[in-house]
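Lettering of chains follows the sequences in order, A, B, ..., and the numbering in each one begins at 1.
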Amino acid sequence: ETGVTQSPTHLIKTRGQQVTLRCSSQSGHNTVSWYQQALGQGPQFIFQYYREEENGRGNFPPRFSGLQFPNYSSELNVNALELDDSALYLCASSLQTEAFFGQGTRLTVV
Amino acid sequence: DAKTTQPNSMESNEEEPVHLPCNHSTISGTDYIHWYRQLPSQGPEYVIHGLTSNVNNRMASLAIAEDRKSSTLILHRATLRDAAVYYCILRDDNAGNMLTFGGGTRLMVKP
């Protein structure tokens, strides 16, 4: 139990639709990161938010966007969904060194 | 980003020690060595990290080579619950919290 909760746990969307995934970070953690994990691969960094501002981004197109709220919870938004967006989306919160991951949202795009 | 190289998979017997190797020949002076593991159907979990000296915690030990070009994660007595994918990651702690995961090592533990 890491204290990081993600919702929903599973989601099915149609190609071209938009999706919003949510993350509630561990209490007091001011940094949240999002990762995409395709089946059989390691997680890939999407972006990171620190005190409500994006302060790092991986190799993902602009249709992947995010928000961090004053209580440090976060959202990941993906527009114009593609079949290759099907993956496990992981949120991680941190204060210093150790990152605490949620159990992820499994997104399937059909 | 400096890269790490790990074996794709390893096997161990329950209650025996496990040594998981990681090569990182292009490590820079400010890179910390982090280990995370991912149990089936769960998000990654922090295991241990270090810079130059060997480190111990309740989960594992981290042995770092003198030239820092390799490291070994040591599980002192493997249990069935330790079956997971283990990721060795280099992170410049001055450059934010981004973690660059590779393919990791899938550890299988036999009863």
Between Gln96(A), Glu98(A), Arg106(A), which has the largest tally of heavy atom pairs under 4.5 Å with chain B? Glu98(A)
Looking only at Gly58(A), Gly42(A), Gly56(A), Cys91(A), the option with the highest number of non-hydrogen pairs under 4.5 Å against chain B is Gly42(A)
Proximal component of Gln41(A), with respect to chain B [non-hydrogen, under 4.5 Å]: backbone
For Thr97(A) and His34(B), what are the C-alpha separation, side-chain angles and deciding distance, and is it a side chain to side chain contact (heavy atoms under 4.5 Å, CB included)? CA-CA 9 Å; Thr97(A) 298; His34(B) 290 248; 3.4 Å; yes
With the side chain counted from C-beta on, respond yes when Phe101(A) and Tyr36(B) share a heavy-atom pair under 4.5 Å apart, and no when they do not. yes
Is it true that Leu80(B) and Tyr86(B) fall in one hydrophobic cluster, defined by side-chain heavy atoms closer than 4.5 Å? yes
Might you confirm whether atom CG of Asn71(A) has over 12 heavy atoms from other residues, nucleotides or ligands at distances under 6.0 Å? yes
Counting heavy-atom pairs under 4.5 Å to chain A, which of Gln42(B), Arg106(B), Gln38(B) comes out on top? Gln38(B)
Using the ring centroid of each side chain, check whether Tyr35(A) and Phe101(B) are separated by less than 6.0 Å. yes
Within a radius of less than 6.0 Å around CG of Asn8(B), do more than 12 heavy atoms belonging to other residues, nucleotides or ligands occur? no
Shortest non-hydrogen pair, Ala99(A) vs Leu99(B), comes out as CB-CD1, 4.2 Å
Is it the case that over 12 heavy atoms from other parts of the model lie below 6.0 angstrom from the CZ atom of Arg77(B)? no
Decide if atom OH of Tyr32(B) counts as having more than 12 heavy atoms of other residues, nucleotides or ligands within a radius under 6.0 Å. no
Heavy atoms of other groups near Arg63(A) CZ, more than 12 under 6.0 Å: yes
Relative to chain B, which of Phe45(A), Tyr50(A), Phe47(A) shows the most heavy atom pairs under 4.5 Å? Phe45(A)
With a sphere of 6.0 Å drawn around CG of Leu39(A), does it hold more than 12 non-hydrogen atoms of other residues, nucleotides or ligands? no
Heavy-atom cut-off 4.5 Å, strictly under: side chain, backbone, both or neither for Gln6(A) against chain B? neither
